[in-house]
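Scroll down for the structure; my scribbles are underneath it.
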Protein chains: 2
Amino acid sequence: MGQSIRIAIAGYGNLGRGVEAAIAKNPDMQLTGIYTRRPPSQLQPRLEATSVYSMEALSGHAGKIDVLILCGGSKEDLPQQGPELAALFNTVDSFDTHARIPEYFASVNGPALANRKTALISAGWDPGMFSINRVYGEALLPDGATYTFWGKGLSQGHSDAIRRIPGVAGGVQYTVPVQDALEEVRQGSRPTLTTRQKHTRDCFVVLEPGADPEAVKNAIVTMPHYFDEYDTTVSFITEEALRREHNAMPHGGLVIRTGNTTEENTQVVEYSLKLGSNPEFTSSILVAYARAVHRMHQAGQYGAKTVFDVAPGLLSAKSPEQLRAEDL
Amino acid sequence: MGQSIRIAIAGYGNLGRGVEAAIAKNPDMQLTGIYTRRPPSQLQPRLEATSVYSMEALSGHAGKIDVLILCGGSKEDLPQQGPELAALFNTVDSFDTHARIPEYFASVNGPALANRKTALISAGWDPGMFSINRVYGEALLPDGATYTFWGKGLSQGHSDAIRRIPGVAGGVQYTVPVQDALEEVRQGSRPTLTTRQKHTRDCFVVLEPGADPEAVKNAIVTMPHYFDEYDTTVSFITEEALRREHNAMPHGGLVIRTGNTTEENTQVVEYSLKLGSNPEFTSSILVAYARAVHRMHQAGQYGAKTVFDVAPGLLSAKSPEQLRAEDL
Ligand SMILES: NC(=O)c1ccc[n+]([C@@H]2O[C@H](COP(=O)([O-])OP(=O)(O)OC[C@H]3O[C@@H](n4cnc5c(N)ncnc54)[C@H](OP(=O)(O)O)[C@@H]3O)[C@@H](O)[C@H]2O)c1
Ligand SMILES: NC(=O)c1ccc[n+]([C@@H]2O[C@H](COP(=O)([O-])OP(=O)(O)OC[C@H]3O[C@@H](n4cnc5c(N)ncnc54)[C@H](OP(=O)(O)O)[C@@H]3O)[C@@H](O)[C@H]2O)c1
């Protein structure tokens, strides 16, 4: 197995915690430390042995880190941290603002290339494993259609949007695929489905004292971009129920490709995830891609990369010989 | 898109016919011809425009073919054709004798490397897409277990085995996953399942006149390697029913990885196929990998390769920019 791969974590939120847990499950890796913008003493790492440093210490530790996993948020943190840190480290991140990926790719590619670093962007499950399955599906069945369904799962962005509404003390939102649409897709008939036909949105809301439930409900279901194009249900619950029943972060979904190889024959490919914890699964993916990034860097493959550029075997701790003998 | 990729087919059975159909669905490719060991005039290609040549003509056409797709059988044809043709062409094949893959890999790697050719072995769905999902599953959830189920589908090898029994005029065998086992796996409990607990085998047999049904049935269900470790059902049908109801080649199956990212959180990844035609889907995969092989050869990546060595993006007709913008 050779020397173990030295991984560091930049940013300690849900993903950061997940990466810490995932490294412990991969014997060919070691965690060299967590780097945070907050005072290091404020952080409570999952494991006692984990060192916490200030983000400013990062550049001085460059020689001790093989791959830095960026666990910052896609909205505010990565657009700044990604390009900056790709100049100093091999990096992996989970940038998930789909519309801005080309722009983000370019912003990371420049500094990475200039400094002979490898920077894998937008790993995770979507973008990530779902994207891979969209590409495989299209390539294997060019005469076909692809459908992505999300859920049942907690949507962080939509939960945040609910919590910003006046009168709301707390709340969560679950995205749920419409079963009839799912079944229709699986039959291979390639239906055209509107946004409303694919998913429903279920909200669980805690009201502030004196807030008007009808006004809150109306503010939610008519919210542009977030809810107005969906059938949305709103249930009011107590603070205690929110804490007790809605504190996990389950998620999942499906990518389905249906197509015809000839007029007579329909083929259906389905990739599905049922995740007990969205951030922990995402983190586990980031860690596997850190292994690949380390190998690609050793092979002289510099610049920004995506999951589309990474051969499956590079993710595995097994040797190519072992993979051919055991997994093929 | 540039110049179209010139593909040729070696061997015209089920896969050969499927490859011919698949190329017609990929506008960046053209079929230069079919090569057969039989007299070319005996073959009836699917499309009128398709040229058929004798296998002996192949070596003279080397300059006109970018990738040769080997559609011979894994048992008798590929062990000989694979190494021979990898010395002259970039090749893709679907070698599926799992236990002999390392040996076959070595036999193809030597001549391919010596002649600066790229030879992708064992593409298809199993080996192939299922193998990829086994590797992804292990890498993303190292603390977990992998399960492969096949079916419901027609097994060529088991159908052949039935037909070799004295007294049998014809017959087919379907492999069927045991639903209870499947559900148990999906719960994430990582059960240990015996061969018998995972699949049943359903046989439909046409007897020769005067044959003893009990003797035939007994010969089937006790057949070592093929049936003795399974719960097998045998139904006797007429020649006409065999032709009418069992002439398609459906198949499919599932690869499931379940694992824990922490003690509290279980994650389930499932990849499943429902194939109207096993050979046509396999062929469609071979054609997508021919695109990848062409690109890898142009990039100077010579020798034997497997699906583990091929980055997903290489299979797509889209450019990397387009993939990042549309599929990530
Ligand atoms: N591709 C995918 O499939 C996928 C899946 C899930 C998530 N994601 C992406 O991953 C990103 C990160 O997700 P996340 O759930 O880890 O976000 P998060 O918990 O909000 O953490 C983001 C950053 O906020 C800071 N932070 C965390 N907890 C804090 C606290 N209590 N007080 C102050 N600052 C705190 C941390 O940086 P410091 O330690 O430096 O303060 C951390 O790096 C998301 O934006 C999303 O885009 C992608
Ligand atoms: N990896 C996977 O997922 C996967 C899936 C399915 C199959 N496979 C593999 O693919 C291999 C080929 O499958 P297949 O269904 O295409 O086999 P097949 O129909 O038996 O064809 C195999 C070869 O036999 C010859 N042939 C075909 N029809 C013939 C006929 N009527 N008379 C005499 N010869 C004939 C052809 O060579 P000539 O034209 O040179 O005579 C052809 O290349 C299988 O052995 C299996 O191992 C792999």
Side-chain angles (χ1 to χ4, degrees), chain A residues 18 21-22 25-26 98 101-102 105 122 127 129 131-136 138-143 186 188 248 252 261-262 264-277 280-281 283-285 288 291 306-313 315-318 320-321 323-325 327-328, chain B residues 18 21-22 25-26 98 101-102 105 122 127 129 131-136 138-143 186 188 252 260-262 264-277 280-281 283-285 288 291 306-313 315-318 320-321 323-325 327-328:
Chain A
K25 301 255 185 206
N26 286 279
H98 291 263
I101 286 174
F105 181 91
S122 300
M129 300 313 296
S131 321
I132 288 175
N133 278 280
R134 287 188 282 264
V135 169
Y136 278 138
E138 283 176 16
L140 305 188
L141 295 171
D143 174 8
R186 282 185 177 133
T261 41
T262 54
E264 305 86 56
N265 288 312
T266 304
Q267 322 273 9
V268 182
V269 184
E270 183 171 324
Y271 180 80
S272 81
L273 297 174
K274 284 203 196 71
L275 307 177
S277 160
E280 284 183 13
F281 186 63
S283 301
S284 202
I285 298 172
R291 183 183 289 117
T306 75
V307 293
F308 301 148
D309 304 311
V310 182
L315 298 177
S316 173
K318 294 182 181 173
E321 293 73 26
L323 283 179
R324 289 194 292 269
D327 290 65
L328 201 58
Chain B
K25 302 252 184 207
N26 285 280
H98 291 263
I101 285 174
F105 181 90
S122 300
M129 299 314 295
S131 321
I132 288 174
N133 279 281
R134 287 188 281 265
V135 169
Y136 277 138
E138 283 175 16
L140 304 189
L141 295 170
D143 174 9
R186 282 184 178 136
N260 281 69
T261 42
T262 54
E264 306 85 57
N265 287 312
T266 304
Q267 321 273 10
V268 182
V269 184
E270 183 170 324
Y271 180 80
S272 81
L273 298 174
K274 284 203 195 69
L275 307 177
S277 160
E280 284 183 13
F281 185 63
S283 301
S284 201
I285 297 172
R291 182 183 291 119
T306 74
V307 292
F308 300 148
D309 304 311
V310 181
L315 299 176
S316 174
K318 294 181 181 173
E321 292 73 25
L323 283 179
R324 288 193 294 269
D327 289 65
L328 200 59

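Judged purely by distance below 3.5 Å, without hydrogens or angles, the side chains of E138(B) and S316(A) never pair a donor atom with an acceptor atom.
In this structure, the side chains of Q267(B) and K274(A) stay at 4.5 Å or more apart for every pair of heavy atoms. Side-chain contact between P320(A) and F308(B): absent, with no pair of heavy atoms (C-beta onward) separated by less than 4.5 Å. The closest side-chain heavy-atom distance from K318(B) to D327(B) is below 4.5 Å.
Considering only heavy-atom pairs separated by less than 4.5 Å from chain A, the leading option among H98(B), R186(B), R134(B) is R134(B). Across L323(B), V307(B), L141(B), N133(B), the residue that shares the most heavy-atom pairs under 4.5 angstrom with chain A is L323(B). In terms of non-hydrogen atom pairs under 4.5 Å with chain A, the most contact-rich of A288(B), A325(B), S284(B) is S284(B).
The contact between V135(A) and chain B is made by backbone and side chain atoms together, counting heavy-atom distances below 4.5 Å. Within the 4.5 angstrom heavy-atom criterion, atoms from both the backbone and the side chain of Y271(A) approach chain B. Using a 4.5 Å cut-off between heavy atoms, S277(A) contacts chain B through both its backbone and its side chain. With a 4.5 Å cut-off on non-hydrogen atoms, E270(A) touches chain B through its backbone and its side chain both. In this structure, the portion of Y136(A) lying under 4.5 Å from any heavy atom of chain B is its side chain and not its backbone. Both the backbone and the side chain of V269(B) come within contact range of chain A, with heavy atoms under 4.5 Å apart. Proximity to chain B involves both the backbone and the side chain of L328(A), based on heavy atoms less than 4.5 angstrom apart.
Residues meeting the salt bridge (Lys or Arg N to Asp or Glu O under 4.0 Å) test with E321(B), sequence neighbours left out: R324(B).
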Exercise. Go through the steps for K25(A) and D143(B) under the test salt bridge (Lys or Arg N to Asp or Glu O under 4.0 Å), then give the verdict.
Key: CA-CA 7 Å; K25(A) 301 255 185 206; D143(B) 174 9; 2.6 Å; yes
